[in-house]
There are 2 protein chains.
Amino acid sequence: MPVTIKDVAREAGVSISTVSRVITGDSRISQPTREKVRAAMARLGYHPNAIARSLVRQRSNTIALVMSRAPRLAMAIPFYPEIIGGISEYATAEHYHLMLVSSESREEECVQTLQLLRHRRVDGVIHLATRIKDPLIDTMRREGHPFVVIGRVPGVEVPSVNNDNVAAAEMAVTHLLDGGYTSVAYVGGSPDLVVTWDRREGYCRALTGRGIPVREDWIICRESTAEAGYEAGIELLSSPDRPQAIFAMDDTLAAGVLKSARKLGISVPQELGLVGFNDDPFSSLIEPALTTVRIPIFEMGREAARMLIGLIGGSSPSQNVVVPAELVVRQSSRRRTPPAG
Amino acid sequence: MPVTIKDVAREAGVSISTVSRVITGDSRISQPTREKVRAAMARLGYHPNAIARSLVRQRSNTIALVMSRAPRLAMAIPFYPEIIGGISEYATAEHYHLMLVSSESREEECVQTLQLLRHRRVDGVIHLATRIKDPLIDTMRREGHPFVVIGRVPGVEVPSVNNDNVAAAEMAVTHLLDGGYTSVAYVGGSPDLVVTWDRREGYCRALTGRGIPVREDWIICRESTAEAGYEAGIELLSSPDRPQAIFAMDDTLAAGVLKSARKLGISVPQELGLVGFNDDPFSSLIEPALTTVRIPIFEMGREAARMLIGLIGGSSPSQNVVVPAELVVRQSSRRRTPPAG
DNA sequence: TATGTTTATGCAAACGTTTGAATAAACTTC
DNA sequence: GAAGTTTATTCAAACGTTTGCATAAACATA
């Protein structure tokens with residue numbers, strides 16, 4: 001039986017309310033009383049019970065992160081840890097706690113998240129990596145729970161932080177075309193993620209902008225794993241009629257593609273140009289170092305946390321933050337001899 | 001104002017207790033009443049308030065993970081996400097929730113974790129990556145909070161899950177010596193982590209077992225980052241009197257060492273043998289593929305969660321689980337021509 | 001001295017559950 | 001048909017806080 005506010009009140013010879021007011025920092029308490037209560041708390045080793053406080057305040061001071069992917073898959077992509085770091089930093093500073101929702105199946109994840117919200121265990125949700133059609137988002141909107149997405153929800157206005165994936169992908173593919181690679185394929189992640197389609201759209205725009213027709217058989221979208229990237233690479237590169245370059249939706253996929261090229265004896269960047277996305281930590285370490293698109297992932301997390309906590313506090317409903325993207329040119333997209341023309 | 005148990009009771013024409021007993025699945029409630037209450041709950045869209053339940057049950061059904069590292073550093077090491085996946089899986093199945101503690105400074109982290117426990121926001125803690133002298137562990141022991149460490153606390157008996165790092169490191173270094181590399185250096189992570197010293201110990205044993213003296217200048221322990229690995233590699237390999245092989249404490253460090261070798265024009269595995277630890281996902285992708293030690297990280301997480309939840313439930317106090325380690329031999333430790341003798 | 005104002009504290013009602021003990025009704029048993 | 005047993009339900013006291021309102025004391029004002 002831990003010591004409660006009642007014990008402190010008795011010890012200090014004041015009422016419970018007074019102790020409570022000392023805890024919450026109410027200015028009406030006189031200095032002597034304040035000190036008396038503080039001393040009693042210290043003597044007894046008192047720590048206020050956050051659960052009881054939550055009950056009366058109707059606020060848990062906790063937010064949930066939903067990852068939209070199985071934990072072992074999600075966290076293996078450095079994007080997630082990085083974004084969590086950003087969220088964590090801001091939330092901690094604002095005295096919020098972080099709950100991690102992660103589940104193998106989407107249905108499970110959806111159920112768990114809604115439970116957390118409905119049971120009032122968390123005050124709001126940050127949703128990482130939005131899907132094309134996500135019942136969780138619909139339900140949260142309908143029930144009026146505060147939430148922020150990292151990404152974009154097609155068709156509806158929801159508070160979000162995102163980068164312009166279409167423009168960034170277009171920039172990446174244009175870079176390949178400028179580098180003398182005349183044909184480019186696209187390897188994407190899961191087709192039910194919005195980001196897969198946005199980057200695909202940018203890829204298509206870059207091609208059609210140059211009058212190059214889009215070949216459907218050069219677009220492969222499966223999962224964001226190195227294995228999927230490897231298999232996509234094998235499929236694309238085995239044919240004699242193969243693309244000169246590949247734009248992969250993220251660095252993990254690009255690493256898989258790289259492996260497939262090595263396996264097939266195709267040299268990068270001489271015979272194949274390759275560009276990834278995210279600038280994962282390992283991207284500068286692999287051989288050849290990977291050209292990639294860098295976005296301020298940590299800052300995106302921080303911004304999402306800021307928006308969510310604002311929302312919980314009752315601030316204006318919907319806003320959207322767009323962060324910049326930057327091309328990081330390394331070896332994988334740079335032929336040693338510039339193209340003849 | 002969300003609907004409460006009181007509303008349901010009124011709607012169903014029964015007492016609050018009866019509704020509560022339906023929720024908790026008390027067998028004494030008759031079938032007709034049970035159905036009547038269920039119907040009322042459905043009609044009203046009722047969801048029980050977990051905070052109120054926690055208050056009376058004196059249990060939050062939440063556990064905390066403390067990472068012992070700054071989030072952006074920690075999570076960048078694939079070990080962490082993987083272990084979190086294992087914890088998450090088991091905890092979810094047992095209806096426990098996961099809180100993530102992560103902070104830039106250790107003091108902050110310690111304070112935050114203790115607050116979580118003292119304020120009764122969480123029922124217990126899983127502590128990842130133990131340090132040589134950790135005030136948090138001491139305090140949790142003293143105050144009697146349930147916790148499990150992943151790693152080992154020197155000198156005291158605490159519930160833990162760990163692999164035998166000394167033996168595993170000895171195995172890795174012996175493998176290098178067996179492969180004909182006659183001298184080996186050690187690159188470790190942060191010197192205040194227990195694991196850094198355990199693997200160092202295994203390294204020393206392998207050497208002295210072969211009658212090879214340990215050279216202090218061939219032991220470099222800084223941080224577990226690719227950058228630190230790179231710098232250590234440069235230091236070790238720049239001298240003409242350089243080791244023939246390097247055992248790195250983890251794959252991230254090994255990747256950095258590899259980069260330094262490439263920079264200095266030293267070929268791996270011909271002129272330098274290299275072994276890492278953890279079998280991170282990228283380790284089979286880099287060139288040459290990295291020889292490494294694989295431990296069942298996901299399962300370690302799951303086991304830690306099982307132990308902690310048992311402890312919270314009041315099971316026997318202290319036990320230790322040791323998981324096996326396995327050497328995964330790839331290119332980085334294999335000279336093309338076997339050594340002459 | 002009576003009156004109004006400020007300042008510091010206490011009272012008691014929430015917040016939304018769970019649960020031991022009491023009660024009432026329905027069955028047994030002899 | 002009285003006494004004992006089982007079954008289904010309700011009562012009311014927790015759990016540990018916060019906070020609007022009331023109160024009392026101290027001070028200023030007239």
Side-chain angles (χ1 to χ4, degrees), chain A residues 1-41 44-62 95 115-123, chain B residues 1-41 44-62 95 115-123:
Chain A
M1 19 247 70
V3 17
T4 73
I5 200 173
K6 211 180 273 181
D7 303 315
V8 177
R10 195 183 318 109
E11 172 82 11
V14 297
S15 75
I16 287 181
S17 335
T18 302
V19 178
S20 174
R21 293 203 166 97
V22 171
I23 296 169
T24 56
D26 192 311
S27 63
R28 290 177 303 180
I29 303 298
S30 71
Q31 199 55 33
T33 312
R34 191 183 303 273
E35 272 156 21
K36 200 168 53 180
V37 171
R38 288 257 167 75
M41 297 200 298
L44 265 43
Y46 168 75
H47 298 283
N49 182 317
I51 302 289
R53 165 182 292 207
S54 284
L55 183 59
V56 36
R57 286 240 178 119
Q58 306 273 64
R59 176 137 327 161
S60 64
N61 269 257
T62 305
H95 299 104
Q115 283 218 352
L116 243 27
L117 286 164
R118 289 169 175 164
H119 294 187
R120 311 212 115 58
R121 236 182 241 279
V122 304
D123 298 331
Chain B
M1 19 249 73
V3 15
T4 74
I5 201 174
K6 211 179 271 181
D7 303 316
V8 176
R10 196 183 316 109
E11 173 82 9
V14 296
S15 76
I16 286 181
S17 334
T18 302
V19 177
S20 174
R21 294 208 159 93
V22 170
I23 296 169
T24 56
D26 192 311
S27 63
R28 291 178 303 182
I29 302 299
S30 70
Q31 199 53 34
T33 312
R34 192 183 302 272
E35 273 156 22
K36 199 168 56 181
V37 171
R38 288 257 167 74
M41 295 200 300
L44 265 44
Y46 168 74
H47 298 281
N49 182 317
I51 301 290
R53 165 182 293 207
S54 283
L55 182 60
V56 38
R57 286 240 178 118
Q58 304 275 63
R59 175 134 330 158
S60 65
N61 269 256
T62 306
H95 299 104
Q115 283 217 351
L116 243 26
L117 286 163
R118 290 168 174 164
H119 294 187
R120 310 212 115 57
R121 237 182 241 278
V122 305
D123 298 332

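Worth knowing before you read on, the calculation uses all heavy atoms, side chains too, and leaves out hydrogens, waters and symmetry mates. Proteins come first, then strands; the chains are lettered A, B, ... in the order of their sequence lines, and each starts at number 1.
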*Asks:* For the pair made of CG in A:Asp26 and C1' in D:dT18, what is the distance, rounded to whole Å?
*Replies:*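 Checked: the CG to C1' distance equals 11 Å.
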*Asks:* Using only heavy-atom distances, decide whether a donor-acceptor pair under 3.5 angstrom links the side-chain of B:Arg57 to the base of C:dG16.
*Replies:*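 Absent.
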*Asks:* How close or far is atom C1' of D:dT19 from atom CZ of A:Arg59, stated in whole angstroms?
*Replies:*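 Roughly 16 Å, once rounded to whole Å.
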*Asks:* In terms of side-chain heavy atoms of A:Ser20, which of D:dT19, C:dT17, C:dG20 is nearest?
*Replies:*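 Out of D:dT19, C:dT17, C:dG20, the nucleotide with an atom closest to A:Ser20's side chain is D:dT19.
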*Asks:* Got a second to check how far B:Asp123's CG is from B:Gln58's CD, nearest 0.5 Å?
*Replies:*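 CD of B:Gln58 is found 10.5 Å from CG of B:Asp123.
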*Asks:* Any side-chain heavy atom of B:Glu11 within less than 4.5 Å of one from B:Val3?
*Replies:*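 Not in contact.
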*Asks:* Using a cut-off of strictly less than 4.0 Å between a heavy atom of the residue and any atom of DNA chain D, enumerate the qualifying residues of residues 6-18 of chain A by number.
*Replies:*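 Only A:Ile16, A:Ser17 qualify.
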*Asks:* Mind checking B:Leu55 for me? I need base, sugar-phosphate or nothing, with any heavy atom below 4.0 Å counting as a touch.
*Replies:*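 Base, at least one base heavy atom under 4.0 Å.
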*Asks:* Mind calculating the distance between CD (B:Glu35) and C1' (D:dA8) to the nearest angstrom?
*Replies:*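 Atom CD in B:Glu35 sits about 15 Å away from atom C1' in D:dA8.
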*Asks:* Mind checking A:Thr24 for me? I need base, sugar-phosphate or nothing, with any heavy atom below 4.0 Å counting as a touch.
*Replies:*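 If one applies the 4.0 Å heavy-atom cut-off, A:Thr24 turns out to touch the sugar-phosphate alone, with no base involved.
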*Asks:* Could you state the CZ-C1' distance from B:Arg28 to C:dT18, rounded to the nearest angstrom?
*Replies:*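 Roughly 11 Å, once rounded to whole Å.
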*Asks:* Can you tell me how far NE2 of A:His47 sits from CD1 of A:Ile5, rounded to the nearest 0.5 angstrom?
*Replies:*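 Interatomic distance, A:Ile5 CD1 to A:His47 NE2, rounded to 0.5 Å: 14.0 Å.
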*Asks:* Is A:Gln58 near enough to C:dA14 that one of its side-chain N or O atoms lies under 4.0 angstrom from OP1 or OP2?
*Replies:*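 The answer is no; no side-chain N or O of A:Gln58 sits under 4.0 Å from OP1 or OP2.
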*Asks:* Side-chain donor or acceptor of A:Arg120 under 3.5 Å from a matching atom on the base of C:dG16?
*Replies:*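 Between C:dG16 and A:Arg120, which were checked side chain against base, a qualifying N/O pair under 3.5 Å is absent.
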*Asks:* C:dT7 phosphate, OP1 or OP2: any side-chain N/O from A:Ser30 under 4.0 angstrom?
*Replies:*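 No.
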*Asks:* From A:Arg120 CZ over to B:Ile51 CD1, what is the distance, rounded to the nearest 0.5 angstrom?
*Replies:*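 One finds 10.0 Å between CZ of A:Arg120 and CD1 of B:Ile51.
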*Asks:* Starting at atom CZ of B:Arg121, determine the distance to atom C1' of D:dC15, rounded to an integer number of angstrom.
*Replies:*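 Taking CZ of B:Arg121 and C1' of D:dC15, I get 17 Å after rounding.
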*Asks:* Within this structure, what is the CE-to-C1' distance between A:Met41 and D:dG16, rounded to whole angstrom?
*Replies:*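 Nearest whole value for this atom pair: 15 Å.
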*Asks:* May I have the distance from A:Ile5 (atom CD1) to D:dT19 (atom P), rounded to whole angstrom?
*Replies:*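 In whole Å, D:dT19 P lies 11 Å from A:Ile5 CD1.
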*Asks:* From the set C:dT17, D:dT9, C:dT9, return the single nucleotide nearest to any side-chain atom of B:Pro48.
*Replies:*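 Nearest to the side-chain atoms of B:Pro48, counting from C-beta on, is C:dT17.
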*Asks:* D:dA8 phosphate, OP1 or OP2: any side-chain N/O from B:Gln31 under 4.0 angstrom?
*Replies:*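 Checking B:Gln31 against D:dA8: no side-chain N or O falls below 4.0 Å of OP1 or OP2.
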*Asks:* In whole angstrom, give the distance that lies between atom CZ of B:Arg34 and atom P of D:dA8.
*Replies:*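 In whole Å, D:dA8 P and B:Arg34 CZ are 9 Å from each other.
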*Asks:* B:Arg53 side chain N/O closer than 4.0 Å to the phosphate oxygens (OP1, OP2) of C:dT18?
*Replies:*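 Yes, B:Arg53 has a side-chain N/O under 4.0 Å of OP1/OP2 on C:dT18.
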*Asks:* I want to check something: taking the side chain as every heavy atom from C-beta on, are B:Asn61 and A:Arg121 in contact at a cut-off of under 4.5 Å?
*Replies:*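 Yes, at least one pair of side-chain atoms sits under 4.5 Å.
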*Asks:* So what does B:Thr33 touch, heavy atoms closer than 4.0 Å: a base, only the sugar-phosphate, or nothing?
*Replies:*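 Sugar-phosphate, no base atom in range.
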*Asks:* How long is the straight-line distance from OG1 of A:Thr62 back to CG of A:Leu116, given to the nearest 0.5 Å?
*Replies:*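 Answer rounded to 0.5 Å: 9.0 Å.
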*Asks:* To the nearest 0.5 angstrom, please state how far the CZ atom of B:Arg34 sits from the OG atom of B:Ser27.
*Replies:*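 These two atoms lie 7.5 Å from each other.
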*Asks:* Any idea which of D:dT17, C:dG16, C:dT19 is nearest the B:Arg21 side chain?
*Replies:*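 Among the listed nucleotides, the one closest to the side chain of B:Arg21 is C:dT19.
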*Asks:* Hey, which of these two, B:Lys36 or B:Ala52, hits DNA chain D nearer its 5' end, going by closest nucleotide?
*Replies:*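 The residue mapped nearer the 5' terminus is B:Lys36.
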*Asks:* Within this structure, what is the OG1-CZ distance for the pair B:Thr24 and B:Arg57, rounded to the nearest 0.5 Å?
*Replies:*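 Reported to 0.5 Å precision, the distance equals 6.5 Å.
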